[in-house]
Amino acid sequence: MSRKLSVKHLLGIKQLTTDDIELILSTADHFKEVINRPIKKVPSLRDITIANLFFENSTRTRTSFELAERRLSADTVNFAASNSSVKKGETLIDTVNNILAMKVDMVVMRHPNPGACVFLSKHIDAKIVNAGDGAHEHPTQALLDAFSIREKHGTVKGKKIVIVGDVLHSRVALSNIFCLQKLGAEVMVCGPRTLMPRYISSLGVKVEYDLRKALEWCDVANMLRIQLERQDIKFFPTLREYTMQYGLDMDLLNSIGKEITIMHPGPINRGVEITSEVADSANSIILDQVENGVAVRMAVLYLLAGRSDD
Ligand code: CP
């Protein structure tokens, strides 16, 4: 396996090879050991400056990137669109170029528009990490999800993983589908027909509309958040009806008669896609996902910083 990524930027999982993903996961193994030491900091990115540009809300991804950068001794600058000159009409390219003029080496960006990172990568020199672009991709979430499945089950290859819920509006779903398939998993999506993209079958996933059948099939269930903020029309009658058909509670989980690992990218709508009992149960690896996010993001930043710009 090459010790170098095949890409200059992390724009999406689609652009990564299986070797790239495996390199990121094995590098994250090392950083997970590092962040569990009494002294969690390494000098790997000393003298590298990273700008975290968040044009959309975030708790986990933003905190996780900031911690990953600090653990690697990078210098960081944080930018939130809500209190910036974007509000005065400055364009994305102007905003980023002004930040880069202050000698920034890498940009971590979350943006509401699908493709914003790809667009930026064509106009600026710095390395770009996509921290979520609209309903398109969320590559570091998929990488930390794959890392967490591998940690729990020993491997991703051959595992049956169902992604449940609002697939239509989910960047987590698309990145997970690409990532898990590249690692040899079988992937199913499950949810209301109205929340399934028309092109879903072309991605080579199984499609199931009955949650019980999906749970009976899978080893791992990744429960997606209902993204009401991206739904300008009604995709189901009420949240209560959604929960009745696609919500996971302990009664349903226990009735399946086998051990299923429960994941959720967060933020959780407790009582909508999963109950608190499921989220906090022994089946859940939700907080492991959050912990692993720091190690995975350290690996991504470290590998991209080390890649020459050839
Ligand atoms: N999983 C995730 O992207 O969460 P945030 O929106 O809080 O970053």
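Note that these values count all heavy atoms, side chains included, but never hydrogens, waters or copies made by symmetry. The first residue in the sequence is number 1, and the count goes up from there. For ligands, and for the atoms within them, numbers begin at 1 and follow the listed sequence. Fair warning: this is a prediction, and the values are worked out from it, not measured in the lab.
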Close aromatic pair by centroid cut-off 6.0 Å: F54 and F79: no
Carboxylate-amine/guanidinium proximity below 4.0 Å for R171 and E56: yes
Pi-cation contact, F55 with R110 (under 6.0 Å, within 45°): no
Shortest reach to atom 5 (P) of ligand 1 by a heavy atom, considering only R110, R171, R62: R110
Pair S255-R212, side chain to side chain donor-acceptor pair (under 3.5 Å): steps then yes or no: CA-CA 9 Å; S255 73; R212 171 175 288 280; 3.0 Å; yes
Heavy-atom nearest neighbour of atom 3 (O) of ligand 1 within options H138, R225, Q141: H138
Atom indices of ligand 1, in the order listed, that fall short of 4.0 Å to a heavy atom of G266: 1 (N), 2 (C), 4 (O)
Ligand-side contact atoms (ligand 1) for residue partner T59, heavy atom cut-off under 4.0 Å: 5 (P), 7 (O), 8 (O)
Heteroatom distance test (P265, ligand 1): nitrogen or oxygen, under 3.5 angstrom: yes
Minimum-distance protein heavy atom relative to atom 2 (C) of ligand 1: T61 OG1, 3.5 Å
Protein residue, atom and distance nearest to atom 4 (O) of ligand 1, heavy-atom basis: R60 NE, 3.1 Å
Hphob cluster co-occupancy, Y242 + L252, side-chain heavy atoms under 4.5 angstrom: yes
Where R3 and L303 come nearest, the two heavy atoms and their spacing: O-CD2, 4.3 Å
